[in-house]
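Atoms considered below: every heavy atom in the structure, side chains included; atoms not considered: hydrogens, waters and symmetry mates. None of these values were measured; they are calculated from a predicted model. Sequence lines set the chain letters: A, B, ... in the order given, protein chains first and strands last, and positions in each chain run from 1.
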Amino acid sequence: MRHPELARALETAAADLGADAVEAKLERPAVLEHGDLATNLAMVLAGRLNRKPRDLAQNLIERLDLGSLDVESAEIAGPGFINFTLSRDYLRRRVRDIADANRDYGRADWGEGKAVNVEFVSANPTGPLHVGHGRGAALGDAIARLLEWTGHRVQREFYVNDAGAQIENLVESVHARCRQLSGQDAEVPEGGYHGEYVTELARELQNVHGERLDGPWGPEEQREVRDFVLERMQAEQRDDMRAFRVEFDEFRTESSVYGSGQIDATIADLDQRGLLYEREGARWLGTSSFGDDKDRVLVKSDGSYTYFLPDIAYHRDKALRGFNTAIDVWGADHHGYVPRMKAAIEALGLGTDFFEAVIVQLVRVERGGEEVKFSKRAGEFVTLRDLIDEVGTDVTRYFFLERGSQQQMVFDLDLAKERSEKNPVYKVQYAHARLRSVYRRGGIDPNKIEHDVDLTPIVEPAAFEMIKTLLDFPEVVEAAAQNREPHRVVAYLEELANQLNSWYHAGTRDESLRVLGQEPSVTAARLTLARAAEIVLRNGLEILGIEAPEQM
RNA sequence: GCGCCUGUAGCUCAGUUGGAUAGAGCGUCGGCCUCCGGAGCCGAAGGUCACAGGUUCGAAUCCUGUCAGGCGCGCCA
């Protein structure tokens, strides 16, 4: 909960006592008895001013005009905390602010319109997306949403590695299946793709081309099949992403980087900066002067490029396109790649803040306590499509977003399929639906709920606890956006849902605590609070890309 | 061998950027509700924050070391 006036007053008081340019931090104490807000300012200043913290706290308090700051009491506690209890009227007023802000509550403008490119998923077009991609997709999209909520201009981007050897590998695998389908002896090559979908591709090709593809393939056939396979796989991945409620603004292909002359431009750029050198017939980039373990090859001795070079060119292009920041969501197996990319970015003179990598750890899927390893269609892994089909987009996104991305996670299918409040997704969605249903039962149009009503009928301590949680929302959004950590929003929503549900359930035991059927003034006040809670639940779910249902 | 990530309740995970008495869900146990079952409601038990030092008014959080797990260390992509 923010209280800028109080924070400023504390800073002024600190300056009066001889400590200027300090920032007064206010936080919600963990225990009720410690009031509504607390500051450790006196303890922070004690060392600097060489004074006793508790005395300092006393001096600070004396310099505050408590009444005008809506502070009812300010108490010194423990080693030197100052615990503030705010007037109930202040809290009630701020409920009204939430209802007024409505869909904008939680939004901020500190992003100052900066352009951020968020690149995620970026799967090879060689097969269906798997659960790991799903986690990256949920994370990348939620980060994008968080940045949008905090005043950034965001582009969601998917990098398609359509030029690598893996495509040829898939084409060879399809070739083998084609021959098998026509009754010939053929083996999927070593390290090839074995999933059922490869056979599907072969079958489709046969339907189109008949027997033409049964024999050996010349360059013509190779190219045709390659194009076909690329298009099919990309289309499928796009469909999966759409089903997962992720819309990319841009699919950038590796081949377009090759075709645009940016490789040469990148080489020239680095060369001009004197960071390239030749050794053993290869061209190296001196990444080790920018924090990398060792220098890296860009052009191999046979004249071909390493994977690294087009990747640098691609990221350089992000800067040329005008982005202030490029965030990449990468799987944990690529984390070792981060230092060299950061080094390359710095070598290009783009600074240390332009590029950011968010690492997402592995997902293990379990059913009945046992790991689920394979999907029928993909063979070696569980596909995202399997998860969506089985438990739905909302649940899948929520589960992926619930944990810190650096945390390896277990996806518990049994819990995910549970359609009760045991399942945290439903608990949060129920909380929202419940409030919508209160409006329906009361024949109330939520958009016409009067905010400017007398809120003094709100007196229950539980209600004020919930109000304080509602007031925390903008700070949670800010911290989540700054740290690229959507899971903070999830944890917050679960806490809010718990409070809301228990506020609501109190009415099933004691009718006088219900929203509807009270004195008109009481119902009106509680409706405004309900509205504020509904708004926060809805806005929070929107940040996660999860639906806020009218009813369950 | 080196680097990065992780280690918190039986399980899955949070922990307000160093704050006060470490939290939630699942599971377990008790009560309520229910024809039964499920769901739901109320409550309880459950902790050497991997371990050992250090930094300071204060450490799950920062530093050092150890242990355990994951990942990565190509002129592969």
On the 0 to 90° scale, with breaks at 30° and 60°, tag the Phe355(A)-Trp330(A) ring pair as parallel, tilted or perpendicular.
->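 Ring orientation, 0 to 90° scale: tilted.
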
His130(A) vs Phe381(A) aromatic rings, parallel, tilted or perpendicular, using cut-offs 30° and 60°?
->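 Geometry flag for Phe381(A) against His130(A): perpendicular rings.
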
What integer distance in Å separates [X]:[atom1] from [N]:[atom2]?
X	N	atom1	atom2	answer
Gln406(A)	A14(B)	CD	P	11 Å
His34(A)	U21(B)	NE2	P	8 Å
Glu356(A)	C4(B)	CD	P	19 Å
Phe81(A)	U21(B)	CZ	C1'	12 Å
Leu496(A)	U16(B)	CG	P	19 Å
Glu370(A)	C11(B)	CD	C1'	14 Å
Asn423(A)	G25(B)	CG	C1'	10 Å
Asn498(A)	C26(B)	CG	C1'	13 Å

Nucleotide by nucleotide, 5' to 3', does protein get under 4.0 Å of the base (B), only the sugar-phosphate (S), or neither (-) in nucleotides 67-77 of chain B, counting heavy atoms?
-> ---SBS-SBSB

Centroid-centroid distance, His34(A) to Phe81(A), less than 6.0 Å |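 Between Phe81(A) and His34(A), which both carry aromatic rings, the centre distance is not below 6.0 Å.
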
Where the side chain of [X] is concerned, which of [options] is the nearest nucleotide?
X	options	answer
Arg403(A)	U17(B), C13(B), U21(B)	C13(B)
Ala491(A)	C13(B), A14(B), U17(B)	A14(B)
Glu27(A)	A24(B), U21(B), G19(B)	G19(B)

Glu278(A), CD atom: more than 12 neighbouring heavy atoms under 6.0 Å |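 Yes - once you tally the heavy atoms of other residues, nucleotides and ligands closer than 6.0 Å, there are more than 12.
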
OP1, OP2 of A39(B) versus side-chain N and O of Lys422(A): anything below 4.0 Å?
->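 Lys422(A) to A39(B) OP1/OP2: side-chain N or O found under 4.0 Å.
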
Does the A20(B) base have a donor-acceptor partner in the side chain of Asn40(A) within less than 3.5 Å?
->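 No.
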
With the side chain counted from C-beta on, respond yes when Tyr337(A) and Asp311(A) share a heavy-atom pair under 4.5 Å apart, and no when they do not.
->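 With C-beta onward as the side chain, the pair touches.
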
For G7(B), what is the paired nucleotide under Watson-Crick or G-U wobble rules, both distances under 3.5 Å?
->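 Per the H-bond distance test, C67(B).
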
Does NZ or CZ of Arg135(A) come closer than 6.0 Å to the centre of the six-membered ring of Phe400(A), within 45° of the ring's axis?
->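 Arg135(A) over Phe400(A) ring: no.
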
Looking at Arg226(A) and Glu168(A), does any basic side-chain N land under 4.0 Å from a carboxylate oxygen?
->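 Result for this pair is yes, salt bridge flagged.
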
